[in-house]
Protein chains: 2
Amino acid sequence: MTESSTERDPESVSRFVEHFAAQLVEAGMPRMPSRVFGALLASDTGTLTSAELGEQLRISPAAVSGAVRYLAQVHMVSREREPGSRRERYRVHSDQWYEALTNREAIIKRWEDALRDGVASLGADTPAGRRLAETLAFFEFIERDVAEMMERWRAYREERFG
Amino acid sequence: MTESSTERDPESVSRFVEHFAAQLVEAGMPRMPSRVFGALLASDTGTLTSAELGEQLRISPAAVSGAVRYLAQVHMVSREREPGSRRERYRVHSDQWYEALTNREAIIKRWEDALRDGVASLGADTPAGRRLAETLAFFEFIERDVAEMMERWRAYREERFG
DNA sequence: CCTTAACTTCACAAATTTCTGAAAGAAGCG
DNA sequence: CGCTTCTTTCAGAAATTTGTGAAGTTAAGG
């Protein structure tokens, strides 16, 4: 054992952050947002200031700003003004963010719109039209069902984590 | 009315293809695979040859090749050898592909691995460790539940589309 | 108000990704 | 078994994306 049980070896933290971020990148998220998000997730309080992020990740204030804008836009972090200071703090709400993950809602809606257009313009009575219609039905189904799944998750979480 | 009810105005088809592909791109899929996939989805038989794809989308054989390799890798299309010909045909199985969509399984598994490492190295008894553990629990939950959701979809589909 | 700390925006440089043409590689068909 | 047709691979050009420094904006604190 090296130190107290709540040590935070910066090296270990960094290793996790970079590794986890790499997975997010692989899934399609831009690099800086992924790293910033990883750092927040691995922080003790779940909040970090812009300066802390910049220092920990070795990136410029501009990069932090851009990453945070992205993350806020997809609701994976929220910004808080520290009262009586010009410091901004960024927070990952434990639950907020995976709600966001399943909230591809906006994207799905647009897929649905595109598919509806397609069915209309290709003709509902054509083979292609039918294929599009079935795909559309799938998304509509998913949309309804994911909501229920999140309900189940919240119940499960309540029970297991309180 | 311009022609028969099963007309396939290339202009309309193209408009759909490009519009739908744009949505896929927005969701993180590379451009060419998105366009190729759109074209297949909007085709009458659900299959197209490399040459047809190249002509319809105005792209080089090389681009078709690359796009198809990508799509096959993520199981969104399958390749078929047309017997007695050196033509390859690419097919989108109506159901195969959205199964693939929910099959982020490999990706989720790796997230889980990264999170497990994180819990171990940050300590399960630290605030950050607990946050990671809960996130991990979420993914494990999702994984189980999505499988059930697909079951429900298949049942629903059966009933509605036969 | 003026100063100063903190964040954001902008223009550009760097790195990466994407697509093409050309050449090489399979596979039917005579 | 060689010819021909189709597909893949490869190297490089073009386009896009990403991150930085520097200037600009906002708001706290004297």
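In what follows, every chain begins at residue 1, and chains take the letters A, B, ... in the order their sequences are listed.
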Asker: Minimum heavy-atom separation for A/Thr49 to A/Arg89, with atom names?
Answerer: CG2-NH2, 4.2 Å
Asker: Could you tell me which residues satisfy salt bridge (Lys or Arg N to Asp or Glu O under 4.0 Å) with B/Glu112, sequence neighbours excluded, listed by chain and number?
Answerer: B/Arg116
Asker: Taking 4.0 angstrom as the limit, do B/Lys109 and B/Glu143 come out as a salt bridge?
Answerer: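 Between B/Glu143 and B/Lys109 there is a salt bridge, with a charged N closer than 4.0 Å to a carboxylate O.
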Asker: In whole angstrom, what separates A/Leu57's CG from D/dT20's C1'?
Answerer: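 Going from A/Leu57 (CG) to D/dT20 (C1'), I get 16 Å.
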Asker: For residues 28-38 of chain A, which side-chain N or O atoms pair as donor and acceptor with protein atoms under 3.5 Å away, sequence neighbours left out?
Answerer:
| from | atom 1 | to | atom 2 | distance (Å) |
| --- | --- | --- | --- | --- |
| A/Ser34 | OG | A/Pro30 | O | 2.8 |
| A/Arg35 | NE | A/Glu18 | OE1 | 3.2 |
| A/Arg35 | NE | A/Glu18 | OE2 | 3.2 |
| A/Arg35 | NH2 | A/Glu18 | OE2 | 3.0 |
| A/Arg35 | NH2 | A/Leu57 | O | 3.1 |

Asker: In whole Å, I'd like the distance from the CZ atom of A/Arg58 to the P atom of D/dT20.
Answerer: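 Going from A/Arg58 (CZ) to D/dT20 (P), I get 12 Å.
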Asker: For nucleotides 6-10 of chain C, which of its nitrogen or oxygen atoms have a protein nitrogen or oxygen under 3.5 Å away, and what is each distance?
Answerer:
| from | atom 1 | to | atom 2 | distance (Å) |
| --- | --- | --- | --- | --- |
| C/dA6 | O3' | A/Arg86 | O | 3.1 |
| C/dC7 | OP1 | A/Glu88 | N | 2.9 |
| C/dT8 | OP1 | A/Arg79 | NH2 | 2.4 |
| C/dT8 | OP2 | A/Ser65 | OG | 3.3 |

Asker: Taking atom types as modelled, is there a side-chain donor on A/Tyr156 or A/Arg152 under 3.5 Å from an acceptor on the other?
Answerer: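 No, no side-chain donor-acceptor pair sits under 3.5 Å.
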Asker: Please enumerate all protein N or O atoms sitting under 3.5 Å from an N or O of nucleotides 13-19 of chain D, with distances to 0.1 Å.
Answerer:
none

Asker: Looking at residues at least two apart in the chain, or sitting in another chain, which of them share a salt bridge (Lys or Arg N to Asp or Glu O under 4.0 Å) with B/Arg154?
Answerer: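 Counting only residues at least two positions away or on another chain, B/Arg154 forms a salt bridge (Lys or Arg N to Asp or Glu O under 4.0 Å) with B/Glu99, B/Glu151.
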Asker: Taking CD from B/Glu80 and C1' from D/dT7, how many angstroms apart are they, rounded to a whole number?
Answerer: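 Going from CD in B/Glu80 over to C1' in D/dT7 covers 16 Å.
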Asker: In chain order, what residues pass the salt bridge (Lys or Arg N to Asp or Glu O under 4.0 Å) check against A/Glu148, with sequence neighbours excluded?
Answerer: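 Listed in chain order: nothing, the list is empty.
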Asker: Do other residues, nucleotides or ligands put more than 12 heavy atoms under 6.0 Å from B/Arg81 CZ?
Answerer: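 Yes, because the 6.0 Å sphere around CZ of B/Arg81 holds more than 12 heavy atoms from other groups.
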Asker: Round to the nearest Å and state the distance from B/Leu48 atom CG to D/dT7 atom P.
Answerer: 12 Å
